[in-house]
Amino acid sequence: MIRCLESQDYFYLVTCADLECVVLSSSFEEAACSGLKKMLEEKKSETNLSFIMSVDFLDKKDYETQVFYTSSILNDIGYFKLAKDLQSLSDFFLDKGENPH
């Protein structure tokens, strides 16, 4: 990717499970959505997902990271069923449900 120095967009590294994607965006949230969408389009049903994803701001002077729930980003890009399924798995593995023990 090429970025004009006058552009309001910046490079972000989006990481989810075992995949990374560099995108040009104006915000962390936009980068998370764009990166995850590209990953899903590229890998389709072979895409590995984690419960969280990280987005790193890439700049010569600054380094900043934000973390997002993958299910929230999936909802934002229109993958509602997949978001619900991932959230259910997250609740099960993180024991957020009622535990009879």
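Computed over heavy atoms, backbone and side chain alike; hydrogens, waters and symmetry mates excluded.
In this structure Thr65 satisfies the side chain to side chain donor-acceptor pair (under 3.5 Å) test together with Asp56, sequence neighbours excluded. Applying the ring pair (Phe, Tyr, Trp, His ring centres under 6.0 Å) rule to Tyr79 yields no partners; only residues at least two apart in sequence or on another chain are considered. Qualifying ring pair (Phe, Tyr, Trp, His ring centres under 6.0 Å) partners for Tyr10, counting only residues two or more places apart in sequence or in other chains: Phe57. For Ser54, there are no side chain to side chain donor-acceptor pair (under 3.5 Å) partners, not counting sequence neighbours. With sequence neighbours left out, Phe80 forms a side-chain contact (heavy atoms from CB on, under 4.5 Å) with Asn75.
Closest approach of Thr70 and Cys16 over heavy atoms only: OG1-SG, 4.0 Å. Shortest non-hydrogen contact noted between Leu86 and Ser71 is CD2-N, 3.9 Å.
Atom CD of Glu46 is separated from atom CG of Leu19 by 10.5 Å, given to the nearest 0.5 angstrom. A distance of 10.0 Å separates CZ of Phe51 from CG of Leu49, quoted to the nearest 0.5 Å. Rounding to the nearest 0.5 Å places CG of Leu74 at 5.0 Å from CG of Leu82.
Screening residues 61-84 for salt bridge (charged side-chain N to carboxylate O under 4.0 Å, His left out), with sequence neighbours left out, gives Lys81-Asp85. The list of salt bridge (charged side-chain N to carboxylate O under 4.0 Å, His left out) pairs with a residue in residues 9-32, not counting sequence neighbours, is empty.
Although no hydrogens or angles enter the test, the distance criterion places no donor-acceptor pair under 3.5 Å between the side chain of Lys43 and the main chain of Leu40. With hydrogens and angles disregarded, a donor-acceptor distance shorter than 3.5 Å links the side chain of Ser50 to the backbone of Ala17. For the pair Ser25 (side chain) and Ser27 (backbone), a donor-acceptor distance under 3.5 Å is absent.
Within the 4.5 Å cutoff, the side chain of Phe11 has no heavy atoms near those of the Val23 side chain. Met39 is listed as a side-chain neighbour of Val14, based on a closest heavy-atom distance under 4.5 Å. Counting heavy atoms from C-beta on, the side chains of Thr47 and Leu36 never come closer than 4.5 Å.
Taking the six-membered ring where the residue is Trp, Phe28 and Tyr12 present perpendicular rings, their angle passing 60° and hence far from 30°.
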